[in-house]
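As structure tokens, the structure follows; a few thoughts come after it.
Values in this document were obtained by computation on a predicted structure and should not be read as measured data. Chain A is the first sequence line, chain B the second, and so forth, proteins listed ahead of strands; every chain is numbered from 1.
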2 protein chains.
Amino acid sequence: MSGASQVLQLTDPLPLDGGSELAQVEIAYETYGTLADDRSNAILICHALTGDQYVASTHPVTGKPGWWERMVGPGKPIDTDRYFVVCANVIGSCMGSSGPASLAADGKPYAMRFPVITIRDMVRGLVALLDALGIERLHAVVGGSMGGMQALSLAANWPERATRVLVIASTSRHSAQNIAFHELGRQAVMADPNWCGGDYYAADAQPDSGLAVARMAAHITYLSEEALTEKFGRNLQDRETKSFGFDADFQVESYLRYQGSGFTRRFDANSYLYITRAMDYFDLAEEHGGKLADAFAGTTARFCLVSFDSDWLYPTSESRHVVHALNAAGAAVSFVELSAPHGHDSFLLDVPALDRVVKGFLE
Amino acid sequence: MSGASQVLQLTDPLPLDGGSELAQVEIAYETYGTLADDRSNAILICHALTGDQYVASTHPVTGKPGWWERMVGPGKPIDTDRYFVVCANVIGSCMGSSGPASLAADGKPYAMRFPVITIRDMVRGLVALLDALGIERLHAVVGGSMGGMQALSLAANWPERATRVLVIASTSRHSAQNIAFHELGRQAVMADPNWCGGDYYAADAQPDSGLAVARMAAHITYLSEEALTEKFGRNLQDRETKSFGFDADFQVESYLRYQGSGFTRRFDANSYLYITRAMDYFDLAEEHGGKLADAFAGTTARFCLVSFDSDWLYPTSESRHVVHALNAAGAAVSFVELSAPHGHDSFLLDVPALDRVVKGFLE
């Protein structure tokens, strides 16, 4: 499947939570399906940390299918025969929207001169895109993981913009452990001498080693222990006995190395720093005076929260926390914990029960 | 408290599981208390991954108290007024026993020429030490984490050498997730250009950045999410508001950076590679034909297994797995899961219930 690839140039600077503003913002996005004449059938899909706008289109760098093709397409749970689906690269990322690799006014890449952004800043960019598309109110905003944070942020800060809010495997705030894993990744990137304080864009060598280590760390958190055990156990890789060396003896080692090195071919190290920072800063309650229910005061949207029992990155308790706040705010909310063995990554994988929940909620 | 510091030079080469042997082996150890005339009161304490022989003596590099002073000393659960306590640095480590930083026959450090060793190889070194000390049968062998692996290995492979086997927060095999975290740490070390294939001993710069990242990753696994939340939550470090930069805004970030950099001052990066490898290779069942119960066939020792409910590195299920195997082997075994909020590190921290279990089991 392929979508319509476009880039929006914002005419006005984008104000940011950090106090500055970002000029010349570009937002790269894909659309699928047809916007109804009354513009009532739009669904905004928000992507995760290392995701992008290619939700149901072939990735231009890797050549791989879109990251949620199983969910988005004609006749699929997010049915592009019925809905007009929009998915945009978040600002701070590296697939066409403004980020640290973009050129600043002086014609050189921003690198670490790019302002530190928040999840709300990302959503501010998405709302500008909705404005440009003439979409006043979404049929639904949908997101998993960091995409769920954006969906929650949109519901809290632009409550009139979405009728349905679907939040999968996500959280309203980053925990100390979440922050710790991200900080580990950032330190791995920054420890790579090729990082050069972020000024590596014109260099021969990129901070691939550090970024690969960061990705490996993150990847471990995306899978459950059960999934790792079932998938790899202590199986050896292409050998009968241990090598008594430091090659990748175990399948899980070689899998992690592959995940790490593959990631560096498609992702910018500085974007990884900025987006993890935005996630760590995310605390929807803090943004609204310390009480999460206040974030949703007066909302008229219907919410659906989905968690997975094997997700230890954003466990069910985090979704429950949001559900309780929505209850306290008097919002219409449904919640389901799905049983799936894959851990956090379940939202991207073959979980038929998720398909049914998504399809049903969007009706 | 201070112990008696000694170094044993093995006269014979140490045969290794990898097929080679290690010549000129040195084993650095501390002793506390007095060996009874009948040599019946010796307790061997086995240390964890980054531990050392300074179980109850001031660490010569950091100046900090011994790592288990709360447990070992006069009148303490492991009572040095009653018992003769021995704790030796494992081979492969860097506090005086033979390891990658030791000089090979050519007068240069082994570095990566040091043979890959196993937990059983470490224990082979410890048994040689017991032989040299004239200790035929230990009153008890005691260990937490990797120390517990050594205690299990001693019980399985030298069953006549210990009357009591106390295994705390440990496992009989490394899981795929355990291996994954270690592989991440090794990749971080090896990605550091100062690692230089392990040949950094004469260089000005050491692979401190990579080792610090490895330590950060490991440290996250040593603490429970609850402990991190309780200790740090989302509290900011020395500031009222977020910096919108990449400094350590959150306390948990600054704590991890401190843990990482502090570690590099006392530990050798190559030792970290070798010891994590040994732990990843550890699978006591595999060593004994695939059935864990067979590892303990005919044992006459009494076993005690202790786990902590908040330990997600070696969770209670791993201890239970060992207990079931011991039951199947007809061994005398007691098991307790203790409630403690600190995660895996609970075995080193203030858990009075552990003190009582240890004291009681040694009677």
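Residue contact with chain B, scored on non-hydrogen atoms closer than 4.5 Å, involves the backbone and the side chain of A:V116 alike. Contact of A:D283 with chain B is made through backbone and side chain together, with heavy-atom distances under 4.5 Å. Neither the backbone nor the side chain of B:D208 comes within contact range of chain A; no heavy atom of the residue lies under 4.5 Å from a heavy atom of that chain. Proximity to chain B (any heavy atom under 4.5 Å) is restricted, for A:F250, to the side chain, taken from C-beta onward. Contact of A:F181 with chain B is made through backbone and side chain together, with heavy-atom distances under 4.5 Å. Proximity to chain B is absent for every atom of A:D192, based on heavy atoms less than 4.5 angstrom apart. Heavy atoms closer than 4.5 Å to chain B are found nowhere in A:L16, neither backbone nor side chain. If you measure heavy-atom distances from A:H219 to chain B, you find no contacts under 4.5 Å at all. With a 4.5 angstrom heavy-atom cutoff, A:E286 touches chain B only via side-chain atoms. With a 4.5 angstrom heavy-atom cutoff, A:T118 touches chain B only via side-chain atoms. For A:N194, no part sits under 4.5 Å from any heavy atom of chain B, backbone or side chain.
Residues B:E253 and A:H182 are not in side-chain contact: their nearest non-hydrogen atoms beyond the backbone lie 4.5 Å or more apart.
Among A:A217, A:A248, A:G245, the residue making the largest number of heavy-atom pairs under 4.5 Å with chain B is A:G245. Contacts with chain B were tallied for A:F232, A:Y255, A:F282; A:F282 has the most, counting heavy-atom pairs under 4.5 Å. With chain B as the partner, the residue from A:A214, A:A191, A:S209, A:G18 showing the most heavy-atom pairs under 4.5 Å is A:G18. Listed options A:M216, A:E225, A:R277 were ranked by heavy-atom pairs under 4.5 angstrom with chain B; first place goes to A:R277. Listed options A:L256, A:L228, A:L273, A:D249 were ranked by heavy-atom pairs under 4.5 angstrom with chain B; first place goes to A:D249.
Nearest heavy atoms, A:V252 versus B:A180: CG2-CB, 4.1 Å. Across every non-hydrogen atom of B:D280 and A:R234, the tightest pair is O-NH1, 2.8 Å. The two atoms that bring A:T229 and B:A176 nearest to each other are N-CB, 4.1 Å, heavy atoms only.
Classified by interplanar angle (parallel below 30°, tilted 30° to 60°, perpendicular above 60°), the ring pair A:Y281/B:F244 is perpendicular.
No more than 12 heavy atoms of other residues, nucleotides or ligands lie within 6.0 Å of CZ in B:R320, so this atom counts as exposed by the packing criterion.
Remark: B:Q187 CD to A:S261 OG distance equals 9.5 Å, nearest 0.5 Å. Rounded to the nearest 0.5 Å, atoms CE (B:M112) and CZ (A:F246) are 4.0 Å apart. Distance check: A:I220 CD1 to B:Q177 CD gives 7.5 Å after rounding to the nearest 0.5 Å.
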